[in-house]
Amino acid sequence: MNFLSCSPCGTVLGSLPIMMSQPLPMTDSRHSANLLALDWSGMCALVAKLEWRPYRAKQILRWLYQRRISDIEDMTDLSLSNRALLQSIAAIPRSTNVQMRAATDGTKKFLIELSDHLQVESVLIPERDRLTLCVSTQVGCTLDCSFCLTGKMGLKRNLKAHEIVEQVLIVQDQCEEDHPITSLVFMGMGEPLANLEEVSDAIVRLTDQAWGVGISPRRITLSTAGLAPRLKEVVPLGVNLAISLNATTNEQRNVLMPAINKLHPLSQLLKACRNYPLKTGRHLTFEYVLLAGVNDSLEDAKRLPKLLQGIPCKINLIPFNEFAGSEYKRPSQEVIDQFQVVLRRAGYFVFVRKSRGRDVLGACGQLGDLQA
Ligand code: SAH
């Protein structure tokens with residue numbers, strides 16, 4: 001059985017027939033506009049071109065993002081003739097090929113085929129009081145972090161905004177009616193800040209209450225390997241920011257995350273974090289993948305609080321999720337606990353992330369093996 005790897009989700013699914021939209025606004029079958037590829041202003045322009053009243057733009061977007069229809073025929077507040085007119089120039093192409101793999105812990109990994117036959121992975125993680133979807137932002141990844149399976153694929157391409165949003169629409173369609181996705185983490189395949197224009201556009205569509213999916217930005221977390229100069233561009237989005245630190249010295253980080261750390265070494269990254277304008281009561285999250293014998297020593301645990309001094313933050317420890325061919329190992333529970341204790345004693349909120357969906361390669365760093 002094939003398994004894709006993405007970040008933190010995973011499970012066993014059958015094939016779910018859906019149709020994927022094209023990265024370009026035109027669909028190839030009828031040379032018509034892809035409504036999902038239009039942002040707010042694009043939709044307003046289309047409505048103006050049709051010489052319809054401006055409020056129609058919001059009406060159509062609601063059908064796309066709130067009722068998640070895939071057929072213009074279903075837009076019942078448009079007259080039959082207006083529907084026919086819209087159908088003559090536009091379509092809602094959704095993915096035709098979606099597979100799901102269900103893990104024993106309830107996590108579900110979705111493999112979504114794009115219009116160019118590449119695949120992306122999204123992972124749905126049910127918890128008692130929330131339903132989190134981990135979404136991908138690139139096919140493969142720009143970066144080459146040595147502990148991450150996606151990094152081994154290289155970058156195939158950036159996702160378009162609508163391909164990011166569609167992951168949410170497709171997975172929500174597979175959830176029960178009364179189980180809305182409550183939280184999003186941009187921790188799937190790819191480096192979100194290397195595709196920030198499309199990611200930002202997607203976040204607008206995902207958060208808009210009037211016509212978008214309507215998820216609160218406070219329930220969205222964007223995770224970056226550390227493109228220091230771009231951190232400030234996340235501020236206007238209002239979402240939470242997580243930084244994958246993963247090492248306490250440049251020497252270590254150059255081995256674990258070579259591409260990013262050579263571009264933006266630790267001091268530059270931490271300076272950008274210190275300068276990140278946080279609203280009262282909000283904090284950054286630092287992620288730290290624990291690799292046995294590599295970055296899990298007592299010295300590391302003591303250095304980490306010094307590096308983070310003065311930054312309002314919490315720390316998420318992620319015990320390494322193993323995959324075939326990786327040289328790294330997960331530390332023992334004792335080492336993980338000890339690392340956490342040292343950080344807690346230094347005054348930090350520290351959580352050890354549960355590895356969800358590991359049996360379907362849906363956990364952090366396990367996405368992408370099908371496409372390697
Ligand atoms: N590129 C972004 C988001 C994708 S990775 C980033 O680097 O933040 C999401 C998280 O999974 C990161 O914190 C990353 O360090 C972690 N991760 C990657 N591979 C892992 C693995 N094999 N085991 C555990 N965590 C991993």
Side-chain angles (χ1 to χ4, degrees), residues 3-10 120-123 125 132-155 158-159 164 167 184-196 199 220-228 230-231 234 239-248 252-253 255-261 263-264 269 273 284-292 294-296 313-331 336 351-358 361-369 372:
F3 291 104
L4 278 185
S5 59
C6 176
S7 266
C9 311
V120 278
E121 301 175 30
S122 315
V123 187
I125 311 157
T132 303
L133 186 68
C134 171
V135 295
S136 296
T137 56
Q138 298 182 312
V139 185
C141 188
T142 321
L143 302 174
D144 58 357
C145 303
S146 58
F147 49 83
C148 179
L149 182 56
T150 310
K152 311 267 178 222
M153 286 174 66
L155 176 69
N158 282 332
L159 291 182
I164 298 169
Q167 295 172 56
L184 295 177
V185 292
F186 284 73
M187 297 184 186
M189 301 168 79
E191 167 50 45
L193 294 197
N195 185 21
L196 193 54
V199 168
I220 297 179
T221 300
L222 190 152
S223 177
T224 178
L227 267 89
R230 304 207 79 171
L231 295 195
V234 178
V239 298
N240 302 302
L241 180 63
I243 297 105
S244 301
L245 201 63
N246 298 341
T248 57
Q252 266 178 353
R253 208 165 190 268
V255 174
L256 300 181
M257 308 174 76
I260 191 69
N261 204 59
L263 264 180
H264 308 296
L269 175 58
C273 293
L284 295 177
T285 297
F286 286 94
E287 294 161 290
Y288 193 97
V289 178
L290 282 170
L291 307 162
V294 176
N295 65 355
D296 63 345
C313 65
K314 67 169 183 169
I315 302 168
N316 276 348
L317 300 175
I318 317 176
F320 177 62
N321 293 310
E322 296 176 8
F323 54 85
S326 167
E327 69 259 47
Y328 298 113
K329 294 269 168 296
R330 193 183 180 87
I336 297 169
F351 303 92
V352 179
R353 187 177 295 164
K354 272 194 229 137
S355 296
R356 301 286 307 262
R358 278 204 288 164
L361 283 184
C364 286
Q366 293 188 313
L367 303 186
D369 60 320

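Order of listing sets the numbers, starting from 1, for every ligand and every atom in it.
- Heavy atoms only, all atoms of each residue included: L290 and D296 are closest at CD2-CB, 4.0 Å.
- Per-residue contacts place N246 under 4.0 angstrom from the following atoms of ligand 1 (heavy atoms of the residue considered): 15 (O).
- Listed by number with element, the atoms of ligand 1 under 4.0 angstrom from any heavy atom of I318 are 13 (O), 24 (C), 25 (N).
- You'll find the side chain of S223 reaches within 4.5 Å of the side chain of S244, heavy atoms only.
- Under 4.0 Å from ligand 1, the heavy atoms of V289 that appear belong solely to its side chain.
- Contact check for T285 versus T221: no side-chain heavy atoms found under the 4.5 Å cut-off.
- Residue contact annotation: G190 has a non-hydrogen atom under 4.0 Å from ligand 1.
- Heavy atoms of G226 stay at 4.0 angstrom or farther from ligand 1.
- Residues satisfying the side chain to side chain donor-acceptor pair (under 3.5 Å) criterion with R330, sequence neighbours excluded, are N321, S355.
- Residue-ligand proximity, C148 to ligand 1, at heavy-atom distances under 4.0 Å covers atoms 18 (C), 19 (N).
- Judged purely by distance below 3.5 Å, without hydrogens or angles, the side chains of E191 and T137 never pair a donor atom with an acceptor atom.
- Under 4.0 Å from ligand 1, the heavy atoms of E287 that appear belong solely to its side chain.
- With sequence neighbours excluded, the residues satisfying side chain to side chain donor-acceptor pair (under 3.5 Å) with T142 are Q138.
- The residue from Y288, F286, F147, Y328 that puts a heavy atom closest to atom 22 (N) of ligand 1 is F147.
- Using modelled atom types, one finds no donor on one side chain facing an acceptor on the other under 3.5 Å when comparing E121 with S136.
- Taking every non-hydrogen atom of G188 and a distance limit under 4.0 Å, the qualifying atoms of ligand 1 come out as 4 (C).
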